[in-house]
Number of protein chains: 2
Amino acid sequence: MAVRDPAMTDVARLAGVSHQTVSRVLNGHPNVREQTRLRVQAAIAELGYRPNRAARALVTGRSQVIGVVAQNTTLYGPASLLAALEQTAAESGFAVSVGSVRDLDHRSISAVVERHLAHRVAGIVVIAPVESAGEALERLPKDVPLVTVDGDPHRPMPLVTVDQAAGARAATQHLLDAGHRTVWHVSGPSDWFDSAGRIEGWREALTSAGAEIPPLVPADWSAAAGYRCGQMLARMPDVTAVFTANDHLALGVLRALHEHGRRVPDDISVVGFDDVPEAAYFIPPLTTVRPDFGAVARASLEMLLTQIESVSGGALRETIAPTLVARRSVAPPPRR
Amino acid sequence: MAVRDPAMTDVARLAGVSHQTVSRVLNGHPNVREQTRLRVQAAIAELGYRPNRAARALVTGRSQVIGVVAQNTTLYGPASLLAALEQTAAESGFAVSVGSVRDLDHRSISAVVERHLAHRVAGIVVIAPVESAGEALERLPKDVPLVTVDGDPHRPMPLVTVDQAAGARAATQHLLDAGHRTVWHVSGPSDWFDSAGRIEGWREALTSAGAEIPPLVPADWSAAAGYRCGQMLARMPDVTAVFTANDHLALGVLRALHEHGRRVPDDISVVGFDDVPEAAYFIPPLTTVRPDFGAVARASLEMLLTQIESVSGGALRETIAPTLVARRSVAPPPRR
DNA sequence: AGACCGGGTGTGACCGCTAACAGGAGGCCC
DNA sequence: GGGCCTCCTGTTAGCGGTCACACCCGGTCT
């Protein structure tokens, strides 16, 4: 019914050249006479010709697609990263195919990676913030370019990561600088490297300041968990400063403190992590740590592209430093 | 260096059959002897054979990929929709390729669609909530399956949409039922259909209740805008009920009201839209309207698949009703 | 017994592109 | 003027699948 899409030969016929010349024009090959190039381009425009990437992928063995393996792309962090990745990839002429994964276990990850490999993607970016992902990754074919984001720092794979520890250190130090004797930490899920890094940074800052290290308050990433932890924290009169592993956790904490009549920042100071766009509108505006997702995306892609283009070279590890964003949720501790 | 990936012929040779038989096994063709099927499957497993989708796409003319055109996938709504879409597509054996667009103008959209067409995607889902997108879409090749989500209700294209008006009506009615004389509305950007639908629903509810219709308070989707509008609203003693076009707007309003000493819900009631996961932890917990992104994704995909599989049939329009989630940000108006 | 049928399998063409090579035209050298 | 190098262009062979078709074989029908 529908007429066949025009192919290279159709363009070639119309321009009075061979299909190979059309191919050369399309790929920017140098040795084409200017006049010929123009004729070909005219023919392309006239026919509305659109190169068939599938055919190209077949013969070259690689499609111009980057496969992403991610989990819960609804969360602000992953979503931002994904968007930045897509943006950056597009600039280099790559499309992005997402493969979300419910659980980051071995089976699920392998399944998604398999799907990407079946499409002969040019490379894979794994946003694999948990332990179990690493195991899955080791078993993967070695010949496909791969970059992990926020993955296991102790595994020998190309890795781009936000410097969680540095961010946490900055947050903790900021609180310490305000005069607090110590800082409590509501952490993310224990199997995420992000959590581990933030915990580590928090501990380091306390240790090097000679401050006492309070027990860790474990949570997940949700405001609900933050609320629960906040209720507990609110009942402890000693607590004057809290650093939460992300902004939503902080939101929950803020609400719990509010309900218990503990004022922020007058009675208790709070610092979050992520700088979600609405953090500036919490009550009070939240001091937080902002990771640069754009930089992470650029670094990942660059790392992937060097792997794709050549066999060797390129850094295998890149760390992006986040910045502290000071707002009104931090103040000196109350005097007693 | 790296050995060529095994192809169908390799499997065929090992299993002692022809490549065509391997193909039949792979595609679940009925007429294959059980014993042969097993031999082939064993060979596939032994070689770690993985069908090449690019080759398949080339010969069939369509790849098993669905292209998505979206904007700002960082926002909660689009991100959730995208995730749900990906999930649903995977269940039907489709991969999802995202194409984000900075602006939803004609050129940007066409560019992304072109990219998808070059990959010979099986279908396209356009999350195109603004006017200018519709224009771009009309100029598209007619022979590629396409579904728009939250698009222009007045354009004759397959459309799946959240029933914005119904949600807004429910929100407004809920406020009216609590005893408020009227309800103010802080709306989303004027070029989004989502905004238009919510405004419409809000107006309808007021009209049919015989309530006065206050002037519209226009904003965008951000907490920052909500804050600005909230400051204005806070100064108007008559305002007792506000319905905002999304939860982040509500967050900004909440904060502004708080700063002006106007209590929620005692002095003013607020209702949002989206039910972001953290809405339950706003101060106070936010009453809001929850769209069912999963249902939208399922409907879109189903609509797309019927177009892909056959020429005719299937609904061209599907509307998903959202539900009101009552929390603590609504109360009767203060008595004076 | 021969025609017919249908399940199971193989053969060859082709999808649209790129890579490798072949070759013609023109300029420059000796 | 022949050899040679440089530009430009065409020819041919696949890449790894699917599709249309031919074929073989045993059973059933006439």
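Because the structure is a prediction, the values reported are computed rather than measured. Reminder, nothing fancy here: chain letters follow the sequence lines and each chain counts from 1.
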Colleague: Nearest to the side chain of A55(A), which nucleotide is it out of dG10(C), dG16(C), dG17(D)?
Modeller: dG16(C)
Colleague: Using the side chain to side chain contact (heavy atoms under 4.5 Å, CB included) rule, pick out the option among V125(A), L305(A), I308(A) that qualifies with P145(A).
Modeller: I308(A)
Colleague: Of V160(A), V96(A), I66(A), which is the lone residue that meets side chain to side chain contact (heavy atoms under 4.5 Å, CB included) with L301(A)?
Modeller: I66(A)
Colleague: Return the value, rounded to whole Å, for the distance between atom CZ of R50(A) and atom P of dC17(C).
Modeller: 12 Å
Colleague: When you measure from the side chain of T60(B), which nucleotide among dT11(C), dC17(C), dT18(D) comes out closest?
Modeller: dT18(D)
Colleague: Whole-Å distance between dT9(D) C1' and R39(A) CZ?
Modeller: 11 Å
Colleague: I need the CZ-C1' distance between R62(B) and dC15(C), as an integer number of Å.
Modeller: 13 Å
Colleague: Got a sec: does the CD of E302(A) have more than 12 other heavy atoms crowding it under 6.0 Å?
Modeller: no
Colleague: Grab the NE2-C1' distance between H119(A) and dG17(D) for me, whole Å please.
Modeller: 14 Å
Colleague: Would you kindly give the CG-to-P distance between D10(B) and dG16(D), to the nearest whole Å?
Modeller: 8 Å
Colleague: What residues from residues 20-27 of chain B pass a heavy-atom cutoff of under 4.0 Å to DNA chain D?
Modeller: Q20(B), S23(B), N27(B)
Colleague: Among the nucleotides dT18(D), dG16(C), dG10(D), which one has an atom lying closest to any side-chain atom of R56(B)?
Modeller: dT18(D)
Colleague: Between D163(B) and T319(B), is there a side-chain donor-acceptor contact under 3.5 Å, judged purely by atom types and distance?
Modeller: no
Colleague: Using every non-hydrogen atom in the two residues, find where H19(B) and T9(B) come nearest and quote the distance to one decimal.
Modeller: CB-CG2, 4.3 Å
Colleague: Please report the distance, rounded to the nearest Å, between CE in M8(B) and C1' in dG14(D).
Modeller: 17 Å
Colleague: Which atom names give the shortest non-hydrogen contact between L304(A) and L146(A), and what distance separates them?
Modeller: CD1-N, 3.8 Å
Colleague: Pick out the pairs of N or O atoms, protein on one side and nucleotides 5-8 of chain C on the other, that lie under 3.5 Å.
Modeller:
none

Colleague: On DNA chain C, does the nearest nucleotide to R120(B) precede the nearest nucleotide to R37(B) from the 5' side, or the other way round? Give the residue.
Modeller: R37(B)
Colleague: Indicate the atoms forming the closest heavy-atom contact of F94(B) with A122(B), along with that distance.
Modeller: CE2-CB, 3.7 Å
Colleague: Between R155(A) and E131(A), is there a side-chain N and carboxylate O pair less than 4.0 Å apart?
Modeller: yes
Colleague: With side chain to side chain contact (heavy atoms under 4.5 Å, CB included) as the test, pick out the partner of V25(A) among T36(A), V17(A), V32(A).
Modeller: V32(A)
Colleague: Kindly say whether, by distance alone, the side chain of H19(A) makes a donor-acceptor pair under 3.5 Å with the base of dT18(C)?
Modeller: yes
Colleague: What is the distance, to the nearest angstrom, from the CD atom on Q64(B) to the P atom on dG16(D)?
Modeller: 20 Å
Colleague: How close or far is atom P of dC15(D) from atom CG of L58(A), stated in whole angstroms?
Modeller: 9 Å
Colleague: What about H29(A): does its side chain form a donor-acceptor pair under 3.5 Å with the base of dT9(D)?
Modeller: no
Colleague: Could you tell me whether R115(A) and E86(B) have a side-chain N and a carboxylate O separated by less than 4.0 Å?
Modeller: yes
Colleague: Using five base pairs at each end to define the local axes, how bent is the helix from dA1(C)-dT30(D) to dC30(C)-dG1(D), to the nearest 10°?
Modeller: 50°
Colleague: Of the non-hydrogen atoms in A70(B) and T73(B), which two are nearest, and what is the gap between them?
Modeller: CB-CG2, 3.8 Å
Colleague: If the threshold is 4.0 Å, N to carboxylate O, is there a salt bridge linking E318(B) and R298(B)?
Modeller: no
